[in-house]
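Remarks on the structure that follows.
Below, all heavy atoms of this structure are taken into account, side chains as well, without hydrogens, waters or symmetry copies. Every chain is numbered from 1 and lettered A, B, ... according to where its sequence line falls, protein lines coming before strand lines. Note that the structure is a prediction, hence the values are computed from the model and not measured.
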Protein chains: 2
Amino acid sequence: MDKDITIYDIAKGVGFSPTTVSRALNNHPAVNQKTKQRIYEIATQMGYRSNMFASNLRRQRTHTIGVIVPILNSSFQSSVMAGMEKVATEAGYNLIISQSMGTAEKEVANAKTMFNSRVDGLLVSLAHDTENIDHFEPFFKKGIPVLFYDRVAEHKQSTSIVIDNVQAAYKATTHLIEQGCRNIVHISGNLKINVYANRLKGYKYALIDHNLPFRESLVITNNLTEEDGIKAAEQILKMKPRPDGVFVSNDFCAVNCMKALKQAGISIPHDIAVVGFNNDPITRVVEPSLTTIDYPGYEMGEVAVRSLINYLDALSDISITNTITLRSELIVRESSLRKLQK
Amino acid sequence: MDKDITIYDIAKGVGFSPTTVSRALNNHPAVNQKTKQRIYEIATQMGYRSNMFASNLRRQRTHTIGVIVPILNSSFQSSVMAGMEKVATEAGYNLIISQSMGTAEKEVANAKTMFNSRVDGLLVSLAHDTENIDHFEPFFKKGIPVLFYDRVAEHKQSTSIVIDNVQAAYKATTHLIEQGCRNIVHISGNLKINVYANRLKGYKYALIDHNLPFRESLVITNNLTEEDGIKAAEQILKMKPRPDGVFVSNDFCAVNCMKALKQAGISIPHDIAVVGFNNDPITRVVEPSLTTIDYPGYEMGEVAVRSLINYLDALSDISITNTITLRSELIVRESSLRKLQK
DNA sequence: TTGTATGCGTTATCAC
DNA sequence: GTGATAACGCATACAA
């Protein structure tokens with residue numbers, strides 16, 4: 001438990017002032033190359049490590065990025081985290097992560113903690129029941145950049161990173177139509193959340209553009225849990241005429257719905273074709289394998305951190321960039337393939 | 001972008017000294033209740049937030065816990081993170097997370113960053129190819145508690161949190177034997193890692209205790225990836241006599257192996273029974289559903305942080321506690337059930 | 001119960 | 001190129 005080495009100790013060791021040591025360690029141009037060399041050597045030799053608090057205190061910057069995420073243990077969110085971590089570490093930033101457990105209440109508390117931790121910037125994917133984003137006001141007021149990803153909210157002082165959910169849902173629905181489906185059910189989440197609202201839109205537009213009627217009765221709204229998938233299957237089985245296609249806003253829910261339908265004797269995709277959303281690993285495992293929308297979580301994390309750092313370094317201005325849209329893709333698998341491949 | 005409020009500002013506002021303000025805000029007993037009340041009010045009213053750097057600098061404590069994890073986007077690891085985050089936040093600690101991407105090289109770099117970030121304690125799950133733990137020496141030297149979980153290493157100054165992998169594997173293998181399997185293949189990961197080495201042991205012991213021969217040729221060692229599962233299936237199909245049971249050290253690998261076997265016309269569990277490890281969500285989705293060992297990731301995360309905080313608060317001594325073992329459980333599903341349930 | 005003075009380790013400012 | 005000094009905001013030893 002030896003005492004920490006400070007720049008004063010180094011200064012004594014090399015016969016320079018602490019100022020020069022500090023400058024050398026920060027690679028300041030106005031320090032003689034040889035001096036730098038010597039100071040570096042002594043510093044490593046003495047086992048020096050810079051004290052980030054002192055430095056942060058002085059510089060008023062933390063080199064820390066806060067992340068508020070609904071729930072960590074989801075395939076999508078953990079991919080996002082992985083992407084974020086990679087870029088952040090490369091750029092010399094630390095990531096502090098907190099989860100809102102999907103509730104606005106915890107999200108508010110987490111925002112406060114992040115504010116008190118004086119993060120340089122904040123990355124947020126909103127909770128299910130977040131009604132407004134007043135709890136981020138302190139950040140906006142102080143000019144701390146806040147960046148939303150996936151589950152976003154509009155704010156003139158923040159950027160959003162998303163995929164084009166309307167287009168993705170449009171593609172998914174169109175694909176079902178092309179496979180001959182005419183009675184397509186859509187299982188959606190809380191429509192207050194941008195992603196689900198937009199997917200519903202895409203579904204609707206696709207129907208309309210292909211001269212199919214949009215029927216409220218074919219839209220099932222729930223929390224997209226595994227059980228919700230099973231319940232949705234029961235609802236579908238009761239519908240008359242029986243639907244011939246289902247587009248679900250979440251893979252896990254889709255998989256469970258599909259399994260429940262299968263158990264009820266429905267043949268997938270022959271009787272009912274199914275499309276999910278997210279490209280979760282389970283989509284490749286389930287039988288039949290699930291057609292889905294590939295959701296670039298890892299890339300989203302990378303882009304989010306990179307953009308944030310650009311704002312921090314004043315390379316770009318947050319009030320100019322409104323939305324960054326990532327590419328998503330329909331991945332066709334067995335669960336929806338009713339026609340022979342072309 | 002207004003200026004930050006400090007305890008000095010509050011002091012002026014209430015007519016007390018900064019000292020009293022500081023004490024009041026820290027709920028120091030030697031401050032008059034009414035004074036505290038007034039100071040609290042003014043503080044919140046003025047929008048005060050404590051400056052953690054100044055505080056950290058003064059106290060020489062960061063209230064930050066470092067986590068080094070092989071890879072974030074795995075079902076198990078993200079569950080662990082979720083558990084960690086919950087307990088840490090409740091206790092007023094921040095979590096900074098970094099991933100080693102499974103390589104010792106990055107692990108060394110991350111350890112250094114964590115050290116420089118002056119984390120109060122460190123939680124580590126080791127990379128695949130970590131040969132020694134010298135890179136944690138600086139922590140040991142400075143008395144910073146290091147706690148290993150899941151993929152652990154022995155060190156007299158650190159605690160390990162694990163499940164009893166020997167016993168779990170023993171249970172899994174015994175279950176296969178009880179289902180009538182006599183020729184059981186074991187698919188394992190890198191045997192330098194404690195978890196895989198111990199599972200191999202458990203497999204071996206179970207065979208021996210049931211008077212079955214242990215054969216090296218029935219142990220397949222790979223990286224437990226999805227492709228490795230498929231390759232392993234090919235190996236199994238070539239074995240003579242054909243094995244009638246497979247115990248895989250990882251669910252994802254197991255699932256892919258099972259699917260490959262099915263495609264080759266093998267009936268599961270009739271021809272070959274399969275057991276996995278981890279209780280990943282896919283085990284419930286795959287057909288037939290996969291028998292596996294439930295691995296308490298979330299709980300492991302909770303326990304890890306709680307233990308660490310206990311050390312930090314000197315409630316317990318790290319050099320005394322060697323290992324904390326969590327309960328794990330065999331979950332029997334269709335993939336191994338060859339006999340009727342009792 | 002409250003206040004004064006000091007230091008935590010750095011970096012920015014100004015002077016040489 | 002280099003150095004002296006102050007300041008960042010807080011917590012504590014000591015004094016009252």
Side-chain angles (χ1 to χ4, degrees), chain A residues 1-40 42-43 46-64 92 94 115-120 142, chain B residues 1-40 42-43 46-64 92 94 115-120 142:
Chain A
M1 285 229 211
D2 22 46
K3 197 78 192 71
D4 261 326
I5 305 293
T6 73
I7 52 171
Y8 288 90
D9 302 320
I10 302 180
K12 267 178 216 143
V14 289
F16 279 103
S17 75
T19 309
T20 304
V21 173
S22 169
R23 285 204 266 251
L25 260 22
N26 285 299
N27 207 6
H28 191 106
V31 177
N32 189 298
Q33 271 303 331
K34 279 183 192 163
T35 317
K36 269 189 199 168
Q37 205 79 40
R38 258 182 65 62
I39 292 179
Y40 280 138
I42 306 278
M46 293 178 83
Y48 168 79
R49 59 171 177 164
S50 116
N51 186 318
M52 293 180 70
F53 311 130
S55 174
N56 286 341
L57 178 59
R58 194 50 242 245
R59 290 206 242 228
Q60 307 281 38
R61 249 184 104 172
T62 66
H63 271 263
T64 296
N94 280 330
F115 191 66
N116 289 334
S117 300
R118 283 178 156 70
V119 293
D120 285 347
K142 280 197 72 67
Chain B
M1 284 229 213
D2 22 45
K3 196 81 192 70
D4 261 325
I5 305 293
T6 73
I7 51 171
Y8 290 91
D9 302 320
I10 302 179
K12 266 179 217 144
V14 288
F16 280 103
S17 77
T19 308
T20 304
V21 174
S22 169
R23 285 205 265 252
L25 261 22
N26 285 300
N27 207 7
H28 191 106
V31 177
N32 188 299
Q33 271 303 331
K34 280 184 191 161
T35 316
K36 268 188 199 169
Q37 205 78 40
R38 259 183 65 62
I39 292 179
Y40 279 138
I42 306 277
M46 293 178 83
Y48 169 79
R49 58 170 178 164
S50 116
N51 186 318
M52 293 180 70
F53 310 129
S55 173
N56 286 340
L57 178 59
R58 193 50 241 253
R59 293 206 237 225
Q60 306 282 38
R61 252 185 100 171
T62 66
H63 270 261
T64 296
N94 281 330
F115 190 66
N116 288 334
S117 299
R118 283 179 155 70
V119 293
D120 285 348
K142 279 198 72 69

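In this structure, B:T19 OG1 and B:H28 NE2 are separated by 11.0 Å, a value rounded to the nearest 0.5 Å. For the atom pair CD of A:Q60 and CG of B:N51, the computed distance is 6.5 Å after rounding to the nearest 0.5 Å. The line from CE of B:M46 to NZ of B:K12 is 9.0 Å long, rounded to the nearest 0.5 Å.
One interatomic measurement links the two molecules: NE2 of A:H63 to P of C:dT10, which rounds to 15 Å at whole-angstrom precision. Note: CZ (B:R59) to P (C:dT6) measures 22 Å, nearest angstrom. Residue B:Q37 contributes atom CD, which lies 17 Å from atom C1' of C:dT1 at whole-angstrom precision. Atom pair B:R61:CZ and C:dG9:P shows a separation of 17 Å (rounding to whole Å applied). The interatomic distance linking A:I7 (CD1) with D:dT2 (P) rounds to 15 Å, in whole Å. Rounded to whole Å, atom C1' of D:dC8 lies 11 Å from atom CZ of A:R118.
Partners of B:R118 according to the side-chain hydrogen bond (donor to acceptor under 3.5 Å, both in side chains) rule, which considers only residues two or more places apart in sequence or in another chain, are A:D4. Not counting sequence neighbours, the partners of A:T62 by the side-chain hydrogen bond (donor to acceptor under 3.5 Å, both in side chains) test are A:D120. Under the side-chain contact (heavy atoms from CB on, under 4.5 Å) criterion, B:T20 pairs with B:F16, B:S17, B:V31, B:T35, B:I39, not counting sequence neighbours. Legend: residues meeting side-chain hydrogen bond (donor to acceptor under 3.5 Å, both in side chains) with B:S55, ordered by chain and number and at least two apart, are B:R59. For A:T6, the side-chain contact (heavy atoms from CB on, under 4.5 Å) partners at least two apart in sequence or on another chain are A:Y8, A:D9. With sequence neighbours left out, B:S50 forms a side-chain hydrogen bond (donor to acceptor under 3.5 Å, both in side chains) with no residue at all.
Between A:S22 and A:I7, the closest heavy-atom pair is CB-CD1, 4.2 Å.
OP1 or OP2 of C:dG3 sits under 4.0 Å from a side-chain N or O of B:S17. Contact check, A:T6 against C:dC8: no side-chain N or O comes under 4.0 Å of OP1 or OP2. In this model, the phosphate group of C:dT1 is not approached by any side-chain N or O of B:T35 to a distance below 4.0 Å at OP1 or OP2. When the side-chain nitrogen and oxygen atoms of B:Y8 are compared with OP1 and OP2 of D:dA7, none of them lie within a distance under 4.0 Å. The side chain of A:Q60 contributes no N or O atom lying less than 4.0 Å from OP1 or OP2 of D:dA7. Contact annotation: B:T20 side-chain N/O to C:dG3 OP1/OP2 distance is under 4.0 Å.
With hydrogens and angles ignored, no donor-acceptor pair under 3.5 angstrom links the side chain of A:R58 to the base of C:dA12.
The backbone N or O of B:I42 sits nowhere less than 3.5 Å from a side-chain atom of B:Y48 that would complete a donor-acceptor pair.
Using a 4.0 Å cut-off on heavy atoms, none of the residues of residues 49-56 of chain B approach DNA chain C. Contacts between residues 23-33 of chain A and DNA chain C, counted as heavy-atom distances below 4.0 Å, involve A:R23, A:N26.
Comparing the axis of the opening five pairs of the helix from C:dT1-D:dA16 to C:dC16-D:dG1 with that of the closing five pairs yields an angle of 30°, rounded to 10°.
As judged by a 4.0 angstrom heavy-atom cut-off over every strand, A:T19 is placed among the base-contacting residues.
At least one side-chain heavy atom of B:S117 sits under 4.5 Å from a side-chain heavy atom of A:N94.
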